[in-house]
Amino acid sequence: AGRDSHDIKIKTGVMTRVKKELVMYQKEVTSEGAKLQAMHDAGRDSHDIKIKTGVMTRVKKELVMYQKEVTSEGAKLQAMHDAGRDSHDIKQQDQVLGESTMMIGDCKTRMENAFNDLLAAVDEHGADAAESAELAAAKAILDEVEPMLEL
């Protein structure tokens, strides 16, 4: 009977130690899982900022391109008037100029929307993506575009 009692104490001690180790490992797994989730969320935040920065950059390039196009098409139209070209040709050139001018308004609207979206993403996720290349690029394009919106 003494031997059985001793075996029970040993088994109980082993079970207690195993239970403590299990709890410790569960806490560690939970902690590591939380760290991984935080890293994943930060990556997603950074990715969101990167995408919105790309949209802002693309819309800015489109606006600049349409502004140049309006200038060149306006010069062509003026040259056609000065040269006394056919009224049909002048009308066609005027339509081209009108379409380009219309696209500037569209680009400005899209730029305002992209600016607001990027600004909101930086405000929302900026702390999580602090000192990242994506955040630096986002802030740079916001600073570059803001004066263009005030025109």
Side-chain angles (χ1 to χ4, degrees), residues 1-79 91-151:
R3 176 110 174 116
D4 289 338
S5 172
H6 179 67
D7 287 347
I8 290 174
K9 284 183 184 180
I10 290 175
K11 288 179 182 177
T12 302
V14 169
M15 291 297 291
T16 302
R17 190 178 71 232
V18 168
K19 185 177 178 183
K20 285 181 183 178
E21 287 177 4
L22 179 62
V23 169
M24 181 183 70
Y25 288 133
Q26 286 174 331
K27 286 180 183 177
E28 188 176 325
V29 166
T30 300
S31 173
E32 290 300 314
K35 287 179 188 175
L36 284 173
Q37 185 63 43
M39 288 171 54
H40 180 269
D41 290 346
R44 182 178 37 211
D45 296 342
S46 188
H47 183 68
D48 188 38
I49 290 172
K50 184 176 182 178
I51 288 172
K52 290 179 187 309
T53 300
V55 169
M56 182 84 256
T57 302
R58 179 179 42 80
V59 172
K60 179 186 150 271
K61 285 180 182 177
E62 285 180 24
L63 178 62
V64 169
M65 183 207 54
Y66 281 119
Q67 288 170 334
K68 287 179 182 178
E69 189 173 298
V70 164
T71 302
S72 70
E73 296 299 329
K76 280 184 189 177
L77 182 61
Q78 186 60 46
K91 184 177 178 183
Q92 290 290 353
Q93 185 62 32
D94 191 41
Q95 286 178 344
V96 170
L97 178 61
E99 289 172 6
S100 295
T101 303
M102 181 180 66
M103 290 307 297
I104 288 176
D106 179 61
C107 280
K108 283 186 177 182
T109 300
R110 289 187 295 128
M111 183 182 280
E112 288 175 11
N113 293 337
F115 182 88
N116 292 330
D117 287 348
L118 180 57
L119 188 61
V122 166
D123 288 344
E124 182 179 347
H125 306 299
D128 299 332
E131 298 185 30
S132 71
E134 289 83 5
L135 184 62
K139 287 181 177 181
I141 193 73
L142 286 171
D143 290 343
E144 188 178 333
V145 167
E146 188 171 20
M148 296 173 78
L149 295 175
E150 295 172 358
L151 297 177

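Predicted model, so just to flag it, every value in this text is computed and none were measured.
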Heavy-atom pair of closest approach, residues A114 and V55: CB-CG1, 4.0 Å
Looking at T71, I104, T101, which hits side-chain contact (heavy atoms from CB on, under 4.5 Å) with Y66? I104
Positive for side-chain contact (heavy atoms from CB on, under 4.5 Å) with F115, one of L119, N113, L118, D117: L119
Candidate pair V59 and L63, rule side-chain contact (heavy atoms from CB on, under 4.5 Å), full reasoning: CA-CA 6 Å; V59 172; L63 178 62; 5.6 Å; no
I need the K108 NZ to Q67 CD distance, nearest 0.5 Å. 6.5 Å
From CA spacing to verdict: side-chain contact (heavy atoms from CB on, under 4.5 Å), M148, V64: CA-CA 10 Å; M148 296 173 78; V64 169; 4.2 Å; yes
Ionic contact status for R58 with E62, cut-off 4.0 Å: yes
Show me the donor-acceptor pairs, under 3.5 Å and distance only, between side chains in residues 134-145 and residues at least two apart or in other chains.
| unit_1 | atom_1 | unit_2 | atom_2 | d |
| --- | --- | --- | --- | --- |
| E134 | OE1 | S46 | OG | 3.1 |
| E144 | OE2 | K60 | NZ | 2.8 |

Contacts of type side chain to side chain contact (heavy atoms under 4.5 Å, CB included), residue S72, not counting sequence neighbours: none
S100 versus E69, side-chain donor and acceptor atoms under 3.5 Å: yes
Would you say that more than 12 heavy atoms from the other residues, nucleotides or ligands in this model lie under 6.0 Å from the CE of M15, or not? no
